[in-house]
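Below is one structure, written out as structure tokens; the observations come after it.
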Amino acid sequence: RKEYVALYVNYVLIESVQKPFQDFMRGFLRGCPARNWKIFLPVELQVVLQGHTTVDWHLLEKNVVYRLYNKSDKIIKDFWNVFHKLPEEKKKMFLGFLSGSDRIPGYQLECFRFSIVDPQAENPDELYPFASTCSLMFYLPR
């Protein structure tokens, strides 16, 4: 039985995926030659490919650009007050809503910026907050 299980596990985890993995690796290395990846340590390469898994939320707040708002506006203070009380999972959901990903891209966290914009709605109570993921803009009605 042990030999059967060992052979089965070997087949499922190694042999059955070997050909598709080799095809993927050949295509990946065609677009991204291995010599370019050798400059990274494994941890750095993981960040480049996957993005940052942890976020300094106060740094994120510090980097926000306000359009038609001021940092001192009551709605902005209320927004950040509520935001910082959210659990980590909900904060990442907001990041996904804003950018399309719950992770910060591989470049430095200090460089990640988004804008909070007043959409200047005629009746702000009839408008929900919305985001433009391409331009990293969060429209927050008054």
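Note that the structure is a prediction, hence the values are computed from the model and not measured. Worth knowing before you read on, the calculation uses all heavy atoms, side chains too, and leaves out hydrogens, waters and symmetry mates. Just so you know, residue 1 is the first one in the sequence shown, and it goes up from there.
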### Task
May I ask you to decide whether Asp78 forms a salt bridge with Lys74, counting only side-chain N to carboxylate O separations under 4.0 Å?
yes

### Message
Nearest 0.5 Å, please: how far is CG in Leu60 from NE2 in His84?
### Response
8.0 Å

### Task
For atom CD of Glu89, decide whether the heavy atoms of other residues, nucleotides or ligands shown that lie under 6.0 angstrom number more than 12.
no

### Task
Return the set of residues passing side-chain contact (heavy atoms from CB on, under 4.5 Å) with Lys90 (not counting sequence neighbours), or none when no residue passes.
Leu86, Pro87, Met93

### Query
How is the hydrophobic cluster of Leu127 composed, in terms of its other members, when Ile, Leu, Val, Met, Phe, Trp and Tyr link through side-chain heavy atoms under 4.5 Å apart, directly or indirectly?
Val117, Phe130, Met137, Tyr139

### Task
Can you tell me which residue pairs pass the side-chain hydrogen bond (donor to acceptor under 3.5 Å, both in side chains) test with a partner in residues 124-133, sequence neighbours excluded?
Asn123-Glu126, Ser132-Ser135

### Query
Where do Leu29 and Met25 land on the side chain to side chain contact (heavy atoms under 4.5 Å, CB included) test, with the steps shown first?
CA-CA 6 Å; Leu29 291 176; Met25 188 58 114; 3.9 Å; yes

### Query
So, Asp73 side chain and Ile76 main chain: donor-acceptor pair closer than 3.5 Å or not?
no

### Query
Given Ile14 and Val9, is the side chain to side chain contact (heavy atoms under 4.5 Å, CB included) satisfied, shown in steps?
CA-CA 8 Å; Ile14 297 171; Val9 168; over 6 Å; no

### Query
For Glu3, does the CD atom sit with more than 12 other heavy atoms under 6.0 Å from it, leaving out its own atoms?
no

#### Entry: Pro141 to Pro124 - nearest heavy-atom pair and separation
CB-O, 3.8 Å

### Query
Are Leu59 and Leu95 co-members of a hydrophobic cluster defined by side-chain heavy atoms under 4.5 Å apart?
yes

#### Entry: Pairs flagged by ring pair (Phe, Tyr, Trp, His ring centres under 6.0 Å) wherever residues 8-27 is involved - sequence neighbours left out
Phe24-Phe28

### Query
Roughly how far, to the nearest 0.5 Å, is CG of Leu98 from CZ of Phe138?
8.0 Å

### Task
State, yes or no, whether a side-chain contact exists between Phe114 and Asn63 at a heavy-atom distance under 4.5 Å.
no

### Task
Find the distance between CG (Leu136) and CD1 (Ile116) and round it off to the nearest 0.5 Å.
12.0 Å

### Task
Name all residues meeting the salt bridge (Lys or Arg N to Asp or Glu O under 4.0 Å) criterion together with Lys2; count only those two or more places apart in sequence or in a different chain, and write none if there are none.
none

### Task
Tell me, please, which residues at least two apart from Lys19 pass salt bridge (Lys or Arg N to Asp or Glu O under 4.0 Å).
Asp23

### Query
If Ile, Leu, Val, Met, Phe, Trp and Tyr residues are connected whenever their side-chain heavy atoms lie under 4.5 Å apart, and connections chain through other members, are Val65 and Val55 in the same group?
no

### Task
State which residue, out of Phe79, Trp80, Trp57, fulfils the ring pair (Phe, Tyr, Trp, His ring centres under 6.0 Å) condition with Phe94.
Phe79

### Task
Keeping the roles fixed (side chain from Asn70, backbone from Ser72), state whether a donor-acceptor pair exists under 3.5 Å.
no

### Task
Just do the side chain to side chain contact (heavy atoms under 4.5 Å, CB included) check on Phe83 and Glu61 with the steps written out, would you?
CA-CA 10 Å; Phe83 181 83; Glu61 176 185 0; over 6 Å; no

### Summary
Rounded to the nearest 0.5 angstrom, the CG-CD distance for Asn10 and Glu15 is 4.5 Å

### Query
Got a salt bridge between Asp118 and Arg67, using NZ or NE/NH1/NH2 to carboxylate O under 4.0 Å?
no

